[in-house]
There are 2 protein chains.
Amino acid sequence: MKQPTICPKFEKAISLLSQRWNALVIYQLLDGPQRFSEIQSSIGISGKVLSDRLKDLEHQEVIARKVIPETPVVIEYSLTEKGLSLKPVLKEIEDWSQFWFNSENGADA
Amino acid sequence: MKQPTICPKFEKAISLLSQRWNALVIYQLLDGPQRFSEIQSSIGISGKVLSDRLKDLEHQEVIARKVIPETPVVIEYSLTEKGLSLKPVLKEIEDWSQFWFNSENGADA
DNA sequence: TTCAAAAGGTTACTATATGTAACTTAGTGT
DNA sequence: ACACTAAGTTACATATAGTAACCTTTTGAA
């Protein structure tokens, strides 16, 4: 029943970016490398789902995971080149959101 | 437990675009006005979910719904100005996908 | 030496979202 | 009256996300 006519590469990108939380995680990492708990509290995601997403994004080579043997051990997540190159995408979304949404309280233009 | 530090306008935009199918529906409508069944078969979405999405996108003034009293009645969906202005976003995603995904078969770079 | 704390998760369980297929409504043509 | 088409809707099944409690390792205090 499915006969999509859409470019498979584009679909892959959309599926990556439409996966809930992925865009926010990437956006957050644009500020620089961050730790699990920093990402978690900054975007308000549950540990379980964040753990899933980070694994998935790492598999897709969008982010990199680095173990720092401090005490207690610290895990640092950062964007790869592939991840960093999503910046223009997020920038466009940001521009669009600033233009089309007005109030801070939930109402829109 | 949630203390997001992210701009609420940006979050709204992300939530709109991350809602499954929304980006593909909008992308599809960039080609011009289309009918329910055309959208459905071109992106391979179920009628139930497409119906939900179209209502939601209409509420958000991203798409417009027009009843054409032919026989049988035809409903035409099109992008509003707000929806059309998402074109640069989708273009950036398209560019990114073309650069970072190589094969047509599911493997990537 | 035993306790508590902190980072980064995982697990079991619940709630929400999505998918499937059959059904509905209204107008036409046969 | 009957079948056909477009655009949905409904009931039910499965998949994805959320919550809170628990696990592991290392350190430092009691």
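Proteins come first, then strands; the chains are lettered A, B, ... in the order of their sequence lines, and each starts at number 1. Just so it is clear, the model here is predicted, and its values are computed rather than measured.
- One atom, CD of A/Gln34, and another, P of C/dG8, lie 12 Å apart when rounded to the nearest Å.
- The two atoms that bring A/Ala13 and B/Phe101 nearest to each other are N-CE1, 3.8 Å, heavy atoms only.
- Separating the CD atom of A/Gln40 from the P atom of D/dG18 is a distance of 12 Å, rounded to the nearest angstrom.
- For the OP1/OP2 pair of D/dG18 and a distance below 4.0 Å, the side-chain nitrogens and oxygens of A/Trp21 include at least one atom meeting the criterion.
- Toward the 5′ end of DNA chain C lies the nearest nucleotide of B/Gln19, the other residue of the pair B/Gln19 and B/Glu70 mapping further downstream.
- B/Ser37 meets the side-chain hydrogen bond (donor to acceptor under 3.5 Å, both in side chains) test with no other residue; sequence neighbours excluded.
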Distances under 3.5 Å only, N/O to N/O: pair up the protein atoms with those of nucleotides 22-24 of chain C.
none

Which letter, B, S or -, goes with each nucleotide of nucleotides 4-14 of chain D from 5' to 3', with contact meaning a protein heavy atom under 4.0 Å? -BSSSBBB---
Can you give each donor-acceptor pair under 3.5 Å made by side-chain atoms of residues 26-36 of chain B, sequence neighbours left out, with the distance rounded to 0.1 Å?
{"from": "B/Tyr27", "atom 1": "OH", "to": "B/Glu94", "atom 2": "OE2", "distance (Å)": "2.7"}
{"from": "B/Gln28", "atom 1": "NE2", "to": "B/Ser42", "atom 2": "OG", "distance (Å)": "3.3"}
{"from": "B/Gln34", "atom 1": "NE2", "to": "B/Gln28", "atom 2": "O", "distance (Å)": "2.8"}
{"from": "B/Gln34", "atom 1": "NE2", "to": "B/Gly32", "atom 2": "O", "distance (Å)": "3.4"}

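- The side-chain hydrogen bond (donor to acceptor under 3.5 Å, both in side chains) search around B/Lys91 returns B/Asp95, not counting sequence neighbours.
- For B/Arg20 and D/dT16, the shortest distance from a side-chain N or O to OP1 or OP2 is not below 4.0 Å.
- One can place CD1 of B/Ile43 at 14 Å from C1' of C/dG19, the figure rounded to the nearest angstrom.
- Residues that satisfy the side chain to side chain contact (heavy atoms under 4.5 Å, CB included) test with B/Glu81, not counting sequence neighbours, are A/Trp100.
- Among all heavy-atom pairs drawn from B/Pro69 and B/Val67, the shortest one is CD-O, 3.6 Å.
- For A/Thr80, there are no side-chain hydrogen bond (donor to acceptor under 3.5 Å, both in side chains) partners at least two apart in sequence or on another chain.
- When the P atom of C/dG27 is taken as reference, atom CD1 of B/Ile68 falls 17 Å away, rounded to whole Å.
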Per-pair distances, 0.1 Å, donor-acceptor, side chain in residues 44-56 of chain B, under 3.5 Å, sequence neighbours excluded:
{"from": "B/Ser46", "atom 1": "OG", "to": "B/Val49", "atom 2": "N", "distance (Å)": "3.3"}
{"from": "B/Arg53", "atom 1": "NE", "to": "B/Arg20", "atom 2": "O", "distance (Å)": "3.0"}
{"from": "B/Asp56", "atom 1": "OD2", "to": "B/Gln60", "atom 2": "NE2", "distance (Å)": "3.3"}

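- Straight-line distance from the CZ atom of A/Arg53 to the C1' atom of C/dT10: 16 Å, rounded to whole Å.
- Sorted pairs that involve residues 63-90 of chain B and meet ring-ring contact (aromatic ring centres under 6.0 Å, His included), not counting sequence neighbours, are lacking altogether.
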